[in-house]
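None of these values were measured; they are calculated from a predicted model.
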Amino acid sequence: KMEYIEMVIKWRFVSRIRDQMAHFLQGFSDIIPLKMIKTFDEGELEFLLSGIGVIDVKDWKDNTEYKNYRPTDKVILWFWRMVLSFGDEMRSKLLQFVTGTSRVPFNGFKELHGSNGPCKFKISKTERSESLPRAHTCFNRLDLPEYSSYGQLKKKLVTAIEYSRRYLVC
């Protein structure tokens, strides 16, 4: 049974599109040599190809759900204050950290999708306040400890964003 599943996956995602991918790569490499592209990870490549968009923080906030937090909790107020203090590049990095993409859907955050379909941005409380925040990109969820100060929140979240590219958790 597993062999059958592996064969179907290989056919659907490799064999079936081999010719199309070969033509795409040839055209792409005519514009940008592949050896230059290989120096970037997938997140950096997305930024290069898509650019940095303007992120509407009010829309983001209005389409966020909370687990074990309320929108009026101090950590959540600090979080949104921090997001407002960020420029578009850092907001895009935060969005990519939590959702796996740096771009907002065409019709805004209400159309954000996770691995199983529509899935709003979520902030979930975790108990270990000494830990870095953790992202679950498949569920658009940020596990955010209840930090004791705005400075601690900002330092921990920026650290998690900047050093996370290799450690995304689904």
Side-chain angles (χ1 to χ4, degrees), residues 2 5-6 9 13 36-170:
M2 282 305 293
I5 292 170
E6 288 174 10
I9 290 171
F13 297 107
M36 292 178 70
I37 296 298
K38 291 180 180 180
T39 61
F40 302 103
D41 67 28
E42 66 278 0
E44 293 167 331
L45 189 58
E46 180 183 6
F47 276 120
L48 287 172
L49 294 175
S50 302
I52 296 171
V54 175
I55 296 178
D56 181 347
V57 177
K58 183 184 180 326
D59 179 47
W60 191 351
K61 187 175 178 181
D62 290 346
N63 288 285
T64 296
E65 296 175 348
Y66 303 95
K67 182 177 179 187
N68 299 321
Y69 274 125
R70 293 183 317 268
T72 56
D73 287 336
K74 66 180 179 179
V75 172
I76 298 302
L77 295 173
W78 291 337
F79 174 83
W80 291 115
R81 180 175 132 202
M82 183 182 56
V83 173
L84 282 167
S85 77
F86 287 161
D88 286 323
E89 181 177 0
M90 193 60 181
R91 288 178 190 163
S92 292
K93 286 180 179 182
L94 170 61
L95 185 60
Q96 187 171 47
F97 172 65
V98 180
T99 68
T101 182
S102 62
R103 306 293 289 181
V104 179
F106 182 73
N107 289 319
F109 281 91
K110 67 182 176 218
E111 290 192 357
L112 201 60
H113 277 68
S115 61
N116 295 325
C119 183
K120 288 193 172 197
F121 188 89
K122 294 176 188 71
I123 301 176
S124 179
K125 185 182 210 176
T126 57
E127 299 303 319
R128 296 165 52 203
S129 63
E130 72 283 350
S131 300
L132 292 174
R134 187 173 177 183
H136 300 270
T137 57
C138 293
F139 308 109
N140 300 330
R141 189 178 87 213
L142 176 65
D143 289 346
L144 188 65
E146 191 170 17
Y147 296 117
S148 60
S149 70
Y150 174 81
Q152 184 186 27
L153 167 67
K154 188 169 185 176
K155 180 180 179 189
K156 297 274 190 173
L157 187 57
V158 169
T159 299
I161 292 167
E162 295 295 341
Y163 292 100
S164 69
R165 294 193 185 263
R166 291 175 237 125
Y167 305 106
L168 294 176
V169 177
C170 191

So which of L157, I161, V158 actually passes side-chain contact (heavy atoms from CB on, under 4.5 Å) with P133? L157
In Å, rounded to the nearest 0.5 Å, how long is the span from CD1 of I123 to CG of N68? 12.5 Å
Which of K122, H136, R134 passes side chain to side chain donor-acceptor pair (under 3.5 Å) with D143? It is H136
Any donor-acceptor pair under 3.5 Å from K156 side chain to E130 backbone: yes
Nearest-0.5 Å distance that lies between atom CZ in R91 and atom CE in M82: 11.0 Å
Nearest heavy atoms of S148 and W78, plus distance in Å: O-CH2, 3.5 Å
Value rounded to 0.5 Å, distance of OG in S85 from OH in Y150: 3.5 Å
Quick one: NE2 on H113 to OG1 on T99, what's the gap to the nearest 0.5 Å? 13.0 Å
If you define the side chain from C-beta out and look only at heavy atoms, does anything of D73 sit under 4.5 Å from F79? no
Go through the steps to decide whether M90 and E162 satisfy the test side chain to side chain contact (heavy atoms under 4.5 Å, CB included), and finish with yes or no. CA-CA 10 Å; M90 193 60 181; E162 295 295 341; 3.7 Å; yes
Check against side chain to side chain contact (heavy atoms under 4.5 Å, CB included), K93 and F97: CA-CA 6 Å; K93 286 180 179 182; F97 172 65; over 6 Å; no
Test log, rule side chain to side chain contact (heavy atoms under 4.5 Å, CB included), inputs F109 and I55: CA-CA 10 Å; F109 281 91; I55 296 178; 3.9 Å; yes
For the student: nearest non-hydrogen atoms of Y66 and I76, plus distance: CE2-CG2, 3.5 Å
What is the minimum heavy-atom distance between G114 and C119, and which atoms define it? N-CB, 3.5 Å
For residues L132 and Y163, determine if any side-chain heavy atom of one lies less than 4.5 Å from a side-chain heavy atom of the other. no
To the nearest 0.5 Å, how far apart are CG in N63 and NZ in K58? 9.0 Å
Just how far is it from atom CG of L144 to atom OH of Y69, taken to the nearest 0.5 Å? 4.5 Å
Above 12 or not: heavy atoms from other molecules or residues under 6.0 Å from NZ of K61? no
